[in-house]
Amino acid sequence: MAATGSDEPITFVISVAAELAGMHPQTLRQYDRLGLVIPARTKGRGRRYTKRDVQRLRDVQRMSQEEGINLAGIRRILELERRVEALEEERDALRSAVAASEARRNRVFAASSDGQVMPMRRGQRPWERPARPSASGGSLTLWDPMVARASLASSEPPARQALPGPSKRTGVRSIIEGTIIAR
């Protein structure tokens with residue numbers, strides 16, 4: 001009757017599939033010969049119908065009896081449905097590939113002064129991320145050309161500036177002059 005396996009879908013022999021679809025087994029054989037619903041085969045060439053095959057058999061019967069479509073038309077409709085399913089699978093695979101590509105393209109890394117590299121999202125700033133203890137204290141260095149120019153003109157050391165940040169607990173440290181970062 002129904003065969004089950006650990007990874008295999010449930011399959012039905014022709015008599016059970018015919019009963020489930022409300023047809024005569026000879027009709028299923030005819031649909032197989034015409035290529036309308038092609039079941040899987042066993043090693044001994046016995047037909048094995050899945051639940052999906054049984055649903056297709058019901059659809060063929062409905063199109064034939066209720067909608068008056070001939071078997072050639074039904075064959076074409078089923079071919080188009082299979083093509084749509086294949087295209088939907090291809091679309092889903094392409095969407096996954098594009099999403100993976102976008103994720104790789106948008107990868108940004110920040111390096112601390114002690115050499116630790118952290119992945120970040122594009123547009124995210126190092127001071128927005130919660131602090132992690134580091135050997136060097138996790139300080140960030142800022143170089144402002146306007147402050148440097150002013151300090152050269154007045155010949156006094158540039159004043160320290162604090163970066164904008166949510167709070168002390170996020171790891172914002174005092175800024176050491178000399179390193180360039182993007183603003």
Side-chain angles (χ1 to χ4, degrees), residues 1-112 114-134 138 165-166 169-171 182:
M1 196 164 136
T4 60
S6 59
D7 293 335
E8 299 176 12
I10 297 174
T11 58
F12 306 99
V13 295
I14 192 167
S15 60
V16 174
E19 186 177 326
L20 290 172
M23 300 178 177
H24 192 275
Q26 193 60 38
T27 306
L28 273 63
R29 291 183 187 96
Q30 182 67 24
Y31 287 170
D32 184 13
R33 278 192 291 273
L34 294 173
L36 295 174
V37 179
I38 303 171
R41 298 283 185 149
T42 63
K43 290 181 182 177
R45 302 283 297 148
R47 294 173 175 90
R48 294 293 183 262
Y49 291 86
T50 63
K51 289 181 180 181
R52 186 177 193 156
D53 292 335
V54 171
Q55 183 58 46
R56 280 206 170 120
L57 289 167
R58 289 179 185 147
D59 291 342
V60 168
Q61 185 177 32
R62 179 187 47 80
M63 287 187 275
S64 174
Q65 293 177 358
E66 294 174 14
E67 297 177 18
I69 302 172
N70 64 19
L71 294 180
I74 293 172
R75 180 184 307 125
R76 181 67 178 143
I77 290 169
L78 293 176
E79 286 173 5
L80 291 173
E81 285 178 352
R82 287 185 195 114
R83 180 68 180 143
V84 166
E85 289 172 4
L87 289 172
E88 287 173 346
E89 289 175 11
E90 184 179 351
R91 179 205 58 206
D92 292 342
L94 289 172
R95 280 184 178 167
S96 297
V98 166
S101 175
E102 285 291 320
R104 282 191 305 273
R105 187 181 69 85
N106 287 330
R107 288 177 42 179
V108 177
F109 296 92
S112 66
D114 65 349
Q116 291 181 345
V117 177
M118 300 181 316
M120 307 183 81
R121 288 186 303 272
R122 186 174 295 281
Q124 182 182 13
R125 300 289 180 232
W127 53 84
E128 293 174 354
R129 180 172 277 221
R132 292 191 302 180
S134 66
R169 65 181 170 82
T170 61

Which of these passes side chain to side chain contact (heavy atoms under 4.5 Å, CB included) with I74: M63, E67, E79, R62?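 Among M63, E67, E79, R62, the one meeting side chain to side chain contact (heavy atoms under 4.5 Å, CB included) with I74 is M63.
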If you compare all heavy atoms of [X] against all heavy atoms of [Y], which two are closest, and at what distance to 0.1 Å?
X: V54; Y: A21; value: CG1-N, 4.1 Å
X: P25; Y: I14; value: O-CD1, 3.6 Å
X: P39; Y: D53; value: CA-OD2, 3.9 Å
X: H24; Y: A18; value: C-CB, 4.0 Å

Can you tell me if [X] uses its side chain to pair, donor with acceptor, with the backbone of [Y] under 3.5 Å?
X: D32; Y: R29; answer: no
X: R75; Y: L34; answer: yes
X: S96; Y: D92; answer: yes

Can a donor-acceptor pair be found between the side chains of Q30 and R33 at a distance below 3.5 Å?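 A pair is found: one side chain offers a donor N or O, the other an acceptor, under 3.5 Å apart.
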Rounded to the nearest 0.5 Å, what separation is found between the [atom1] atom of [X] and the [atom2] atom of [Y]?
X: R95; Y: E102; atom1: CZ; atom2: CD; result: 14.0 Å
X: L36; Y: D59; atom1: CG; atom2: CG; result: 11.5 Å
X: I38; Y: Y31; atom1: CD1; atom2: OH; result: 14.0 Å
X: E90; Y: L94; atom1: CD; atom2: CG; result: 5.5 Å

Check whether any side-chain heavy atom of [X] lies under 4.5 Å from a side-chain heavy atom of [Y], and answer yes or no.
X: V13; Y: R47; answer: no
X: R82; Y: R56; answer: yes
X: L57; Y: Y49; answer: yes

